[in-house]
Amino acid sequence: MRILSKRQLKELVLYSPQHIARLEKAGQFPTRVHLGPSRVGWVETEVLDWLQKRLDCREAPSRHSF
């Protein structure tokens, strides 16, 4: 298991820390792991699964396409 830092997460997801926090609060993004008093991280596989779901939705053919 690999834990991503805030910097690594931002490079991978390209969202601001504030937007990631909003998505987490809404239950639409993997929840951070508290590693210490001032250190958090995200489980890499959970973030990659979240990204893959986004890609799957994008690649799925629309029922309305001709």
Side-chain angles (χ1 to χ4, degrees):
M1 178 187 319
R2 183 169 176 226
I3 301 294
L4 300 173
S5 67
K6 282 185 179 182
R7 180 178 295 189
Q8 292 169 316
L9 181 69
K10 189 174 179 184
E11 289 174 6
L12 193 60
V13 177
L14 305 177
Y15 282 162
S16 71
Q18 296 83 7
H19 189 62
I20 289 170
R22 283 192 294 270
L23 290 173
E24 279 182 283
K25 187 175 181 179
Q28 298 175 357
F29 193 81
T31 306
R32 65 188 71 200
V33 177
H34 293 274
L35 303 170
S38 59
R39 177 67 100 186
V40 296
W42 288 261
V43 178
E44 182 182 42
T45 55
E46 292 176 0
V47 174
L48 292 175
D49 288 346
W50 178 85
L51 282 170
Q52 187 61 55
K53 287 178 187 173
R54 292 268 209 228
L55 289 172
D56 292 346
C57 289
R58 181 191 71 168
E59 295 170 358
S62 171
R63 289 186 275 161
H64 301 290
S65 62
F66 297 95

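Along the sequence shown, residues carry numbers from 1.
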ILVMFWY network linking Val43 to Leu51, side-chain heavy atoms under 4.5 angstrom
no

How long is the straight-line distance from CD1 of Ile3 back to OG1 of Thr45, given to the nearest 0.5 Å?
8.5 Å

With a 4.5 Å heavy-atom cut-off, do Leu9 and Lys6 have their side chains touching?
no

Can you name the residues that form a salt bridge (Lys or Arg N to Asp or Glu O under 4.0 Å) with Arg39, not counting sequence neighbours?
none

Evaluate the side-chain proximity of Val33 to Val40: yes if any heavy-atom separation is below 4.5 Å, no if none is.
no

CD (Glu46) and CG (Leu4) are apart, to the nearest 0.5 Å, by 10.0 Å

Checking Trp42 side chain against Gln8 main chain: does a donor-acceptor pair fall under 3.5 Å?
no

State yes or no: do Phe29 and Leu12 share one hydrophobic cluster built from I, L, V, M, F, W and Y residues joined by side-chain heavy-atom distances below 4.5 Å, directly or via other members?
yes

